[in-house]
Peer 1: 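I have a structure I would like to understand better, so I am pasting it below and will then ask my questions one at a time.
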2 protein chains.
Amino acid sequence: MPVSLTPMTETAPSTDSALPKIDPRILRSRRMLMDALVRLLAQKPFEEISIQEIADEATLNRATFYLHYPDKGSLLKAMAGARFRDLVDRRGLSFNSCEGGLRAIALGVCDYLAASPGCPGALAKMPLEDSIIAVVEDIFREGSAERPAAPGIDPELVFTTAAWAIFGAARLWLDMRERISAEEMADKIEAIVLPMLMHATQR
Amino acid sequence: MPVSLTPMTETAPSTDSALPKIDPRILRSRRMLMDALVRLLAQKPFEEISIQEIADEATLNRATFYLHYPDKGSLLKAMAGARFRDLVDRRGLSFNSCEGGLRAIALGVCDYLAASPGCPGALAKMPLEDSIIAVVEDIFREGSAERPAAPGIDPELVFTTAAWAIFGAARLWLDMRERISAEEMADKIEAIVLPMLMHATQR
DNA sequence: CGACATATGTCGTGTACACAGCATATGTTC
DNA sequence: GAACATATGCTGTGTACACGACATATGTCG
């Protein structure tokens with residue numbers, strides 16, 4: 001009984017956390033499915049893409065799709081998260097004592113939203129929140145791991161709040177009629193959100 | 001007992017012949033191994049590449065390598081043949097009543113030899129003959145399938161002879177100090193080899 | 001609404017690949 | 001030549017994927 005694959009109902013698991021090593025075949029199949037979805041999204045809207053088409057594009061059996069994802073929405077979510085993580089890794093984004101870490105994170109979110117596959121109209125239908133928010137939360141969590149929380153403050157709540165704040169601001173920026181540059185927007189986001197985080201941890 | 005994979009001691013099987021459908025996992029693994037070898041050949045000489053390195057580069061288990069190839073030389077051979085077939089497919093090379101078919105084949109061989117991975121010095125060590133010759137033979141065979149052989153002539157012998165003639169001339173061209181263009185060389189090869197083939201089949 | 005075509009979700013079975021381990025071969029160093 | 005490290009070739013076991021088939025759901029057309 002292949003119940004050990006744990007279909008992906010959440011965002012893709014972190015591959016660098018202290019989890020047991022994931023079978024490379026699993027990682028490969030998931031990446032192939034995600035890459036296939038990206039290619040198909042460049043051709044047609046999400047609603048018009050079938051599971052069979054995704055499997056065909058990925059050169060995998062349709063049953064394999066269901067070993068990993070319960071539906072195509074879950075794949076979309078996982079794909080969005082994985083692509084954002086790629087960007088985070090490529091840019092080495094982190095939230096530590098280094099100046100400008102938060103600005104870089106905000107810039108990454110803006111750039112990612114601006115470059116998402118599919119036309120901007122389709123962007124509203126993509127469940128980007130959970131995937132991006134979870135990654136940003138992880139960044140804050142890791143960056144604050146060595147510092148004690150300020151008294152009476154729940155750091156997890158602050159991380160979540162800050163992550164949503166960044167995401168919300170970036171979404172607003174994306175919808176702007178006359179859009180300032182991503183860099184400028186990142187500056188503004190940092191100015192607004194950084195005090196929240198500074199207040200939460202003793203730094 | 002995984003004896004059904006038939007390790008590749010010959011050139012890669014033709015994927016468009018009347019063979020039973022090959023499991024997509026097999027095709028995928030072989031392609032991954034070949035692509036890995038190409039990438040490694042761009043970095044170091046063939047002799048310095050280990051089986052484990054190829055497997056790692058392909059993100060496959062070393063034991064998987066041995067399911068498909070008895071040694072790295074066989075992989076090299078298969079890779080060379082597959083890449084040549086790719087070129088043949090891309091250019092739509094065939095030997096039929098169409099004028100210039102032989103010239104195009106000769107040009108394909110020249111271009112392929114000139115673009116092979118690794119420096120020209122390493123080219124002499126690559127067992128390109130069998131892979132290229134077999135493909136060219138196939139092209140002649142298919143192109144002459146609908147025509148009866150001339151009396152007293154063994155068409156298979158002629159195909160092989162012609163294929164080797166083309167290969168030999170292209171190799172000579174590659175070693176030329178002052179090399180004429182591939183196009184010019186293809187013209188010369190056609191002029192020399194075409195009468196042989198015309199003589200062998202009733203066209 | 002019924003008929004039909006297509007897509008989805010699932011299942012049991014067979015096959016390919018991952019893994020750890022072992023014996024042997026090979027290359028390097030002293 | 002001996003000692004050692006590394007690579008090779010192979011094996012049995014466990015796991016992931018391919019496949020065909022089936023039941024059900026969904027969408028389209030008349």
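For the numbers below, each heavy atom of this structure counts, side chains included, while hydrogens, waters and symmetry mates do not. In what follows, every chain begins at residue 1, and chains take the letters A, B, ... in the order their sequences are listed.
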Peer 1: From CG of Asp56(B) over to P of dA7(D), roughly how many Å is that when rounded to an integer?
Peer 2: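 In whole Å, dA7(D) P lies 10 Å from Asp56(B) CG.
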
Peer 1: Nearest nucleotide by nearest heavy atom, which residue falls closer to the 5' end of DNA chain C, Lys72(A) or Arg28(B)?
Peer 2: Lys72(A)

Peer 1: If you pin Ala63(B) and Ser50(B) to their nearest nucleotides in DNA chain D, which one's is more 5'?
Peer 2: Ser50(B)

Peer 1: Using atom CE of Met32(B) as one end and atom P of dA16(C) as the other, report the distance to the nearest whole Å.
Peer 2: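 Checked: the CE to P distance equals 16 Å.
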
Peer 1: State whether the number of non-hydrogen atoms from other residues, nucleotides or ligands found under 6.0 Å of Lys188(B) atom NZ is greater than 12.
Peer 2: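 12 or below, so no.
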
Peer 1: From the list dT8(C), dG9(D), dC17(C), which nucleotide is the closest neighbour of the side chain of Ile51(B)?
Peer 2: dG9(D)

Peer 1: Using atom OH of Tyr66(A) as one end and atom P of dA23(D) as the other, report the distance to the nearest whole Å.
Peer 2: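 Computing the Tyr66(A):OH to dA23(D):P distance gives 18 Å.
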
Peer 1: Please give, in whole Å, the distance from dC17(C) P to Arg31(B) CZ?
Peer 2: 12 Å

Peer 1: Given side-chain contact (heavy atoms from CB on, under 4.5 Å), test Ile166(A) with Leu102(A) step by step and report yes or no.
Peer 2: CA-CA 9 Å; Ile166(A) 293 172; Leu102(A) 184 63; 3.6 Å; yes

Peer 1: Are OP1 or OP2 of dC19(C) and a side-chain N or O of Asn61(B) less than 4.0 angstrom apart?
Peer 2: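 Indeed, a polar side-chain atom of Asn61(B) lies that close.
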
Peer 1: For a side-chain contact (heavy atoms from CB on, under 4.5 Å) check, start with the C-alpha distance between Glu183(B) and Arg103(B), then their side-chain angles and the critical distance, and finish with the verdict.
Peer 2: CA-CA 8 Å; Glu183(B) 284 80 8; Arg103(B) 179 180 180 278; 3.5 Å; yes

Peer 1: If you find the nucleotide of DNA chain C closest to Leu60(B) and the one closest to Arg62(A), which residue's nucleotide is nearer the 5' end?
Peer 2: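 The residue mapped nearer the 5' terminus is Arg62(A).
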
Peer 1: Any side-chain N or O of His68(B) under 4.0 Å from OP1/OP2 of dC17(C)?
Peer 2: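 Result: yes.
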
Peer 1: Could you check how far CZ of Arg25(B) sits from P of dA16(C), rounded to whole Å?
Peer 2: 6 Å

Peer 1: How many whole angstroms separate atom CG of Leu33(B) from atom P of dA16(C)?
Peer 2: 15 Å

Peer 1: Rounded to the nearest Å, what distance is computed from the CG atom of residue Asp23(B) to the C1' atom of nucleotide dA16(D)?
Peer 2: 12 Å

Peer 1: To the closest 0.5 Å, what do you measure between NZ (Lys72(B)) and CG (Leu40(B))?
Peer 2: 10.0 Å

Peer 1: In whole angstrom, what separates Leu27(A)'s CG from dC17(D)'s C1'?
Peer 2: 15 Å

Peer 1: Can you tell whether the side chains of Arg141(B) and Asp138(B) come within less than 4.0 Å, N to carboxylate O?
Peer 2: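 Between Asp138(B) and Arg141(B) there is a salt bridge, with a charged N closer than 4.0 Å to a carboxylate O.
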
